Amino acid sequence: MEKGLISVDRWAEGSQAYFLTNLRTDHTQGLSSTWAMAPIFCSRVTAKLFPFKFPNFNLSLLRVLDLGSWHSLSLISPSTGSKVTVQVMAIDAYHCPGAVMFLFRGEFGCMLNTGDFRWEKNCERAKLAKEMLLNALKDDAVDVLYLDNTYCNPTFQFPTREVAAKQVADIISSHPDHDIVIGIDTLGKEDLLLHISNALNVKIWVWPERLQTMHLLGFHDIFTTDTSLTRVRAIPHYSFSINTLEGLNRMHPTIGIIPSGLPWVVKPFEGNCKLFDSLLTSGHNRSKMSSKGGKQNDKSNGNLESVKRFHKYVYSVQYSDHSSYLEIEEFIKLVQPTSMKGIVSSSSCNVDPFYYFGRICGINQPSQKLDNEHQTFGRGVYSGIEKKRKRVGRLGFYLSRVTVMRRGRKGDGLVEMPSATYINIAVLLKIGLEGDRNVYRKENARALD
DNA sequence: GCGATCAGTT
DNA sequence: CACAACTGATCGC
């Protein structure tokens, strides 16, 4: 497609219409409350959450696309000045609340951008999305597929979220006298918390901003910010550490659960390509986790465990909002794109989807260089001006002794609450919470529910 | 004071 | 080269 028409999850100047697949921060890098360039199209749920994330945003620039129907946009070709009609359909991506894929068609052909998506089998919502997609495509072929390739590697196998949610509930019910903390992000994994609440008949504690989000999403009774009402707490992933768990255990027996598609590696590893050796050997060497719940893996999970107890206090469960390798394969087989491109261009291990699925596709892979120059689709983070990050990605960092020791030296952070949104152990232990009314003020305090 | 960018955390 | 997702500090305006 011609440059200068549309952008998906990218917020650089030069397009006439912008599309937002979901509200998580890796898709909104570059977007801010002062945005005034052009209309932004998104789903109804995203639009509802939008002002909470971008408080003074000019909402007249927001355009809601209802799922499953075509919308026409009239744009101007920057090169010829003539009118260009672009049609777009939003389809449920079943990732986090509000997440959608965008299907475009026009003179340029047919393009599908999945945003972040999960493509689970045998799930009602996914079936609906599949029908919607097939209906929309009919005889059209997808010329270019922009794909959530986060887990586009055969190593990434994990069960459906329904199965994983049961595993989490099993872990919790097998620890009846423990407090539970679960690490989550600002959006996503709501279904997991709902399942826990239903299965175990408990309320779920969340931090105040997250409660506002839950209210905006229409969940009014299940979640609470009152620590006395429940032993199950969802805390920001960011605040979840071995250190935190050890601190909590000094007060009351507590276990932590991290729901993530990333399989855990026990030891930090060196270099890139050793990642998968490391994963495989860790799977063989490690003692089996003792889930009392019985069934651990569905058959799609192969022989990799999806529940791991990698620390005295910490379990990880492979609950993922991104598609597994097999689901990606399923999706590509369904769509049969002529060419495709991963929207996550970050990992040397998540290689180009063409490496695994090229054969399924029609003809050829778009030139990498050409594509980077004219790319208008993707995650904002990886856009245009590429920043040089020095950090070294390490899946094993959670158990890095260096990290634990360094944090230990810094102190426990038991009292100070420097920021409005930072949730630390002090909040969980209710230390300094009562007297500190500043903790949750700031801009987000204007609740929208 | 704001937003973009950088650096650092889990 | 490169985990994803997030926060806090810093810098330029």
Side-chain angles (χ1 to χ4, degrees), chain A residues 11-13 22-36 53-57 95-96 116 148-153 155-156 181-189 207 209-210 235-245 256-265 268-269 271-273 275-276 278-279 310-311 314 316 319-322 342-352 368 372 378-400 402-404 406-407 410 413 416-425 442-444:
Chain A
W11 311 101
E13 241 177 295
N22 75 70
L23 261 183
R24 296 177 88 158
T25 52
D26 51 333
H27 295 257
T28 55
Q29 290 291 314
L31 183 56
S32 75
S33 291
T34 59
W35 176 266
K53 185 162 178 109
F54 299 108
N56 296 311
F57 191 88
H95 170 64
C96 66
D116 285 351
D148 173 11
N149 58 319
T150 303
Y151 294 131
C152 188
N153 185 296
T155 316
F156 294 124
V181 295
I182 303 168
I184 61 168
D185 292 316
T186 54
L187 204 55
K189 310 215 157 61
W207 64 100
E209 286 82 358
R210 199 58 157 99
I235 66 170
H237 189 181
Y238 196 72
S239 310
F240 188 111
S241 69
I242 302 289
N243 217 25
T244 304
L245 263 297
I257 300 171
I258 281 286
S260 168
L262 289 174
W264 295 92
V265 184
F269 56 89
N272 299 316
C273 293
L275 168 62
F276 297 109
S278 180
L279 288 177
F310 69 91
H311 180 272
V314 182
S316 86
Y319 184 103
S320 171
D321 283 333
H322 295 277
I343 61 172
V344 184
S345 57
S346 57
S347 167
S348 58
C349 297
N350 303 341
V351 298
D352 195 296
Q368 192 78 26
N372 282 341
R379 285 181 178 175
V381 176
Y382 305 104
S383 65
I385 321 113
E386 207 58 60
K387 27 181 183 182
K388 297 231 163 76
R389 309 203 113 191
K390 292 253 164 70
R391 67 179 195 182
V392 182
R394 279 204 184 155
L395 284 165
F397 61 82
Y398 282 89
L399 278 187
S400 156
V402 177
T403 303
V404 172
R406 193 174 50 216
R407 286 192 58 78
K410 272 196 219 156
E416 281 304 314
M417 301 290 295
S419 131
T421 49
Y422 184 71
I423 308 294
N424 68 10
I425 195 168
K442 235 178 155 182
E443 72 277 1
N444 285 341

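All chains are named by letter (A, B, ...) in the order of the sequence lines, taking the proteins before the strands, and each is independently numbered beginning at 1. Bear in mind the structure is a predicted one, so any value in this text is a computation, not a measurement.
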>> Suppose we screen for salt bridge (Lys or Arg N to Asp or Glu O under 4.0 Å). Which residues come up paired with A:Arg210, at least two apart in sequence or across chains?
In response: A:Glu190
>> Among residues at least two apart in sequence or on other chains, which ones pass side-chain hydrogen bond (donor to acceptor under 3.5 Å, both in side chains) with A:Ser33?
In response: none
> Out of B:dC2, C:dC6, C:dA4, which nucleotide sits closest to the side chain of A:His322?
Replying inline: C:dA4
> Given atom CG of A:Leu23 and atom P of C:dA5, what is their separation to the nearest angstrom?
Replying inline: 13 Å
> Roughly how many Å is it from CD1 in A:Ile235 to C1' in B:dT9, rounded to a whole number?
Replying inline: 13 Å
> Can you tell me how far P of C:dA4 sits from CG of A:Asp116, to the nearest Å?
Replying inline: 10 Å
> To the nearest angstrom, how far is A:Gln29 atom CD from C:dT7 atom P?
Replying inline: 11 Å
>> Please report the distance, rounded to the nearest Å, between CG in A:Asp185 and P in C:dC6.
In response: 4 Å
> With no angle test and no hydrogens, is the base of B:dG8 tied to the side chain of A:Tyr238 by a donor-acceptor pair under 3.5 Å?
Replying inline: yes
> What's the CG-P distance between A:Asp26 and C:dC6, to the nearest Å?
Replying inline: 7 Å
>> Measuring to OP1 and OP2 of C:dA5, would you say a side-chain N or O of A:Thr25 lies under 4.0 angstrom away?
In response: no
> A:Asn22 versus A:Leu187: any side-chain heavy-atom pair under 4.5 Å?
Replying inline: no
> Is a salt bridge present between A:Asp116 and A:Arg24, judged by a nitrogen-to-oxygen distance below 4.0 Å?
Replying inline: no
>> Between P on B:dG3 and CG on A:Leu31, what's the gap in Å once rounded to a whole number?
In response: 11 Å
>> Is there a side-chain contact between A:Ser260 and the phosphate of C:dA4, meaning an N or O under 4.0 Å from OP1 or OP2?
In response: no
> What integer distance in Å separates A:Trp35:CH2 from B:dA4:P?
Replying inline: 10 Å
